[in-house]
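Both ligands and their constituent atoms are indexed starting at 1 by order of listing. Note that the structure is predicted; figures quoted are calculated from it, not measured.
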Amino acid sequence: MTRVHYGADYNPEQWPEETVEEDIALMREAGVTLVTVGVFSWSKLQPEPGVFDFGWLDALLDALHAAGIGVDLGTATASPPAWLAERHPDTLPVTAEGVTLHHGSRQAYNPSSAVFRREVGRMARAIVERYAKHPAVVMWHVHNEYACHVAESFDAESAEAFRAWLRERHGTLDAVNEAWGTAFWSQAVSDWQQVQPPRVMPTLHNPHVALDWKRFNSDAILDLYLLERDIIREYSDAPITTNFMGAFEPLDYWRWADEIDVISNDSYPDPANPRSARDFAFDSDLMRSLGGGAPFLQLEQTPSAVQWRRRNAAKRPGQFRLWSLQTVARGADGICQFQWRQSRAGAETFHSGMVPHAGRDSLIWQEVTQLGADLERLDGVAGSRVDADVAIVWDWQSAWAKRSSIGLTDSDPLATARDWHATAFEAGIQVDFVRPGADLAGYRLVIVPALFALGEDTARWLEEAARAGATVVATARTGVVDEQGHAHLGGYLGPLASAAGVRVTDQFARAVETTSLENAVERPQLLNEIDPSVDRITAAVRTPSAEDTVAIAPHGREGLGGVGIGWLERLVVEDADVLGRFRDADADEWPALTRATRGRGTFWYVATDLDAATRATLLQRLCAEADVSPVLAGLPRGVEAVRRGNHLFLLNHGDETASVAVSSPASLIGSQPTNGRVSIEPRGVVVLDDANER
Ligand code: GAL
């Protein structure tokens, strides 16, 4: 990418043909450089089996090219046409309950259907063959948001594909029985036909079947992507993308990222949530990391409200621009919205667009044109990278193991990683995400947040990082099970115990079955309902497990105290220093926080989930030890600072004008510095040449 792109999904098939001319004039006015076309055009491009109508798309691509607007051309397969469902009902997905999901919305397909795959191949090939050499096409957009609506199908064909996948992974039925722990509850299978997807059943499912089912579905859908990707490659060398959805749980985006040229993302944080800037930051850091640090594209977001929440808050004045520039700061080389012209009819009529129902005479259009002008001034940012000294380990496979397991927590298995990212965001520390086994050479601090499932390779990898000089910190519920979801024996942490110098012998869930305070703390009513004047026996019973917090007292000269939430573990310390101890009725003086010296680095373990304040204090300690600093120290409330390449972005998320000391004589974007300070209005942004600020 040679510039920071600006644009949208462009779906002109909803409008009379004349609209295109006006659209293109407006795109030029707004500074649009890139549009995604054709994503949902299957029924218009192929109204009947074997009958193609490309006339309108020919004219559209020609017109866009003549206007200097690049096209990210969709393969049109995201919303299968009515004729496919009518002729081949077996292409429709089936839920775990056996309910068929019908045509009339979108994404109504069964990923393993041979007929669907055949028709996808035909549609994609027809488009690619025709437009591979069209000069407007700068990128290919395969499908759309894979698995967003349908991430699994329980039909007979999918069951057969699951069996084939299991054969490949486990080889024999004996191995399947072993991996699935079928000796329990009489679940052993003696014939492949007895192997079934985890449909609705009388009570608890088998966690290991559930885990393999998630793996299978991620792979099956990836296979669908590869089918189209490979067709495109037969005809064109242009970069290929498919749009991700942040930390979308059903797909292992690390595996997907290996097959994608340009990582792209769709982000829709809720403007009514004060934490939404964290979510944008999180998504951006994850996308940049998925691409190995390369710039990514924000392929979808919205200028204002969406239409799919219960209450659809509009973005506040300036927020669209602020969050867009925040995304650029964290590594995006393109900011595109869903969609260009707000629909007049259909399910997304009240989803905002760059050209709103009111047209140019609207607040949205003012912001749209302003952002276009800003992005033009940021051309020098394109291609540059964001450096981070801190890595957060993020693993879909472990999340699936946790989600499939029964009994430890019901919370979002990725919540602890989100919490640590949020803590780093609030502290102004730049972080990357890494997958198990990644190169950790450039990182001084490695955070391992509740990495539930891990095997020996991952344990060795983390120990080596510490020995090579990194500060590594693992948090409660790390290493509980192996890759197949079987409990580690002899103390949790399993193969990581020697690196940590501790073993986890017992686990205690507290009142809140959650990994963090951020995820809804609900103290049981129970305790409040006890009346000591009548409940003579009950009132004398103490129940620490119904208390949501546990105090941690600092221990020793370098001790660190604070508050744990919802969970605690009993550690047997074998080769580590204790820095904090629980203060608790049943766990008094138990080690809560440990640190072991390993080679040139250290390995820390936290035996509870920390509250936000304690996490912030611990992060500060870890950063001090690892020699990691925030982008800028002493920033006013509400201001985020991000370094990207030669640029320093100052983003004021707050409601008060902020003043920041700077050395640059001039700003690239935003108000100009005077007397060594720059003032940033609420939801305003200043971008400076970073060379002056170091
Ligand atoms: C995305 C989708 C778009 C549009 C948008 C609305 O999930 O890719 O097509 O529906 O949501 O927010």
Side-chain angles (χ1 to χ4, degrees), residues 7-15 34-45 71-81 101 103-109 139-151 221 224-225 228 241-251 253 256 260 262-273 276 279-280 283 286-287 296-315 319-320 323-324 327 334-357 364 368:
D9 271 51
Y10 183 33
N11 302 308
E13 58 267 49
Q14 306 169 84
W15 300 93
L34 181 72
V35 290
T36 299
V37 168
V39 169
F40 298 112
S41 307
W42 193 341
S43 68
K44 189 161 169 75
L45 290 171
V71 172
D72 166 36
L73 187 56
T75 52
T77 55
S79 196
L101 302 178
H103 180 267
S105 175
R106 62 177 180 185
Q107 271 196 16
Y109 62 83
M139 187 163 73
W140 296 100
H141 182 101
V142 178
H143 201 88
N144 193 61
E145 291 190 343
Y146 276 104
C148 174
H149 309 308
V150 179
I221 298 170
L224 202 53
Y225 161 78
E228 295 200 41
T241 194
T242 186
N243 41 350
F244 286 169
M245 294 165 281
F248 183 66
E249 200 179 302
L251 302 182
Y253 282 158
W256 280 66
I260 288 169
V262 177
I263 300 295
S264 65
N265 192 47
D266 300 352
S267 289
Y268 292 95
D270 186 353
N273 181 351
S276 281
D279 293 342
F280 272 107
D283 274 13
L286 181 59
M287 292 306 130
F296 63 95
L297 294 176
Q298 183 81 311
L299 220 42
E300 281 188 31
Q301 57 165 9
T302 174
S304 189
V306 297
Q307 97 299 7
W308 41 261
R309 292 198 170 92
R310 213 159 50 82
R311 184 168 301 167
N312 298 297
K315 286 183 178 167
Q319 218 158 37
F320 167 53
W323 288 342
S324 299
T327 307
I335 297 294
C336 298
Q337 333 323 310
F338 189 89
Q339 58 181 331
W340 166 250
R341 191 180 275 275
Q342 186 174 12
S343 293
R344 187 180 192 184
E348 307 206 27
T349 302
F350 298 106
H351 188 286
S352 62
M354 291 173 83
V355 183
H357 288 154
I364 287 182
V368 159

Could I get the full list of side-chain hydrogen bond (donor to acceptor under 3.5 Å, both in side chains) partners for Y146, not counting sequence neighbours?
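Y146 satisfies side-chain hydrogen bond (donor to acceptor under 3.5 Å, both in side chains) with no other residue.
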
Do you know the tightest heavy-atom contact between Q337 and Q301?
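Nearest heavy atoms, Q337 then Q301: OE1-NE2, 2.9 Å.
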
Minimum heavy-atom distance between I221 and A151, given as atom pair plus value:
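What the structure gives for the nearest pair is CD1-O, 3.6 Å.
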
Under the salt bridge (charged side-chain N to carboxylate O under 4.0 Å, His left out) rule, what pairs show up with a residue in residues 299-309, not counting sequence neighbours?
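For residues 299-309: D270-R309.
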
Is a donor from one side chain sitting under 3.5 angstrom from an acceptor on the other, for Q14 and E348?
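Note: Q14 and E348 side chains miss the donor-acceptor criterion.
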
First-shell residues of ligand 1 [heavy atom, distance under 4.0 Å]:
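Answer by chain and number: F40, R106, N144, E145, D266, Y268, E300, W308, F338, E348, H351.
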
How would you list, by chain and number, every residue that makes a ring-ring contact (aromatic ring centres under 6.0 Å, His included) with W308, sequence neighbours excluded?
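Here the qualifying residues are Y268.
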
